[in-house]
Amino acid sequence: DGGITQSPKYLFRKEGQNVTLSCEQNLNHDAMYWYRQDPGQGLRLIYYSQIVNDFQKGDIAEGYSVSREKKESFPLTVTSAQKNPTAFYLCASSRETGGPHTQYFGPGTRLTVL
Amino acid sequence: GESVGLHLPTLSVQEGDNSIINCAYSNSASDYFIWYKQESGKGPQFIIDIRSNMDKRQGQRVTVLLNKTVKHLSLQIAATQPGDSAVYFCAENMGGATNKLIFGTGTLLAVQP
């Protein structure tokens, strides 16, 4: 999992609650990403950040929020507005400058809404 | 190959055989491609990548082939082992100012001992 940590590994949430998923990297990567994965499906991009204090919506940003106050940290908040939040959430990071770069992934957080 | 929906395409091979996993990508402007391996309950792990100015790239026991004419990517695994059992994803980088990747839905590789 190459220097990217996510916590917690499992998270349970009651309907109507906001929860925050942690992602930290020590790879000195500029860019960080959040993906959602549903059973039997590929990864869908929620938010990404190319630099500190800046982030962009991905394909499925509704019901989620992020912040990027530090280079090594990119927390994701799943809000009560997200209608179907039960999923496997993956954080990734990459270098940003100098052309296309590989994204390296963390171990994931499995969120279940009770 | 890739498909849409909840049922992953599955490739079943005998231990020791070679495996070929296929992927059709969507954008002819994509300039960088990556294969990832994902074991159950874990994050995707980088296997090998290839840039669009190449047709073939080899790693340890793995080879990626790129056919830009038909927008097709394949991953070949030599002498497949039980530890290779996982879901394999291809991803394409659309180019431009960001490093965004588009992922396929994945292929489940099942290695029979």
Side-chain angles (χ1 to χ4, degrees), chain A residues 1-7 9-10 21 23 25 27 29-51 54-61 87-112, chain B residues 1-10 21 23-27 29-54 57 59 64 66 73 86-108:
Chain A
D1 298 318
I4 302 175
T5 58
Q6 291 185 242
S7 62
K9 186 173 175 66
Y10 299 98
L21 283 59
C23 177
Q25 53 98 1
L27 301 169
H29 284 168
D30 291 306
M32 297 185 74
Y33 312 80
W34 273 106
Y35 293 90
R36 171 186 172 131
Q37 186 176 33
D38 292 285
Q41 298 189 31
L43 281 66
R44 292 184 290 167
L45 183 64
I46 305 173
Y47 268 98
Y48 65 100
S49 169
Q50 294 175 274
I51 196 169
D54 185 58
F55 47 83
Q56 307 295 329
K57 292 182 179 180
D59 301 318
I60 55 165
F88 191 45
Y89 289 87
L90 289 158
C91 178
S93 70
S94 72
R95 291 168 53 198
E96 186 55 29
T97 57
H101 294 295
T102 303
Q103 293 182 20
Y104 295 94
F105 285 85
T109 292
R110 187 166 299 281
L111 173 63
T112 303
Chain B
E2 304 288 332
S3 72
V4 177
L6 296 179
H7 300 287
L8 283 175
T10 299
I21 300 170
C23 175
Y25 64 91
S26 58
N27 192 332
S30 293
D31 58 1
Y32 179 59
F33 305 87
I34 308 170
W35 279 101
Y36 289 95
K37 171 187 180 183
Q38 186 177 27
E39 297 175 334
S40 182
K42 296 184 178 180
Q45 176 187 0
F46 170 83
I47 301 173
I48 193 169
D49 58 2
I50 188 168
R51 297 189 186 271
S52 59
N53 59 355
M54 301 171 69
R57 188 163 189 224
V64 55
L66 175 61
L73 197 64
V87 176
Y88 289 81
F89 293 96
C90 65
E92 59 182 301
N93 186 304
M94 307 284 280
T98 70
N99 199 35
K100 290 173 64 177
L101 296 177
I102 303 298
F103 288 84
T105 52
T107 296
L108 174 62

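Any value given below was found using the heavy atoms of this structure, including those in side chains, with hydrogens, waters and symmetry copies removed. Residue numbers begin at 1 in each chain, while the letters A, B, ... track the order of the sequences. Note that the coordinates shown come from a computational prediction; the quantities given were computed from them, not determined experimentally.
By the ring-ring contact (aromatic ring centres under 6.0 Å, His included) test, B:Tyr32 pairs with no residue at all, sequence neighbours left out. Residues passing the salt bridge (charged side-chain N to carboxylate O under 4.0 Å, His left out) test with B:Lys37, sequence neighbours excluded: B:Glu39.
In this structure, chain B has a heavy atom under 4.5 Å from the side chain of A:Leu45, while its backbone stays farther away. For chain B, no part of A:Gln6 is nearby; none of its heavy atoms comes within less than 4.5 Å. When heavy atoms are compared at a cutoff of 4.5 Å, B:Ile34 approaches chain A solely by way of its side chain, counted from C-beta outward.
Salt bridge annotation for B:Asp49-B:Arg51: absent, with no cationic side-chain nitrogen under 4.0 angstrom from a carboxylate oxygen.
Remark: A:Arg110 is positioned above the aromatic ring of A:Phe88, its terminal NZ or CZ atom under 6.0 angstrom from the ring centre and at most 45 degrees off the axis.
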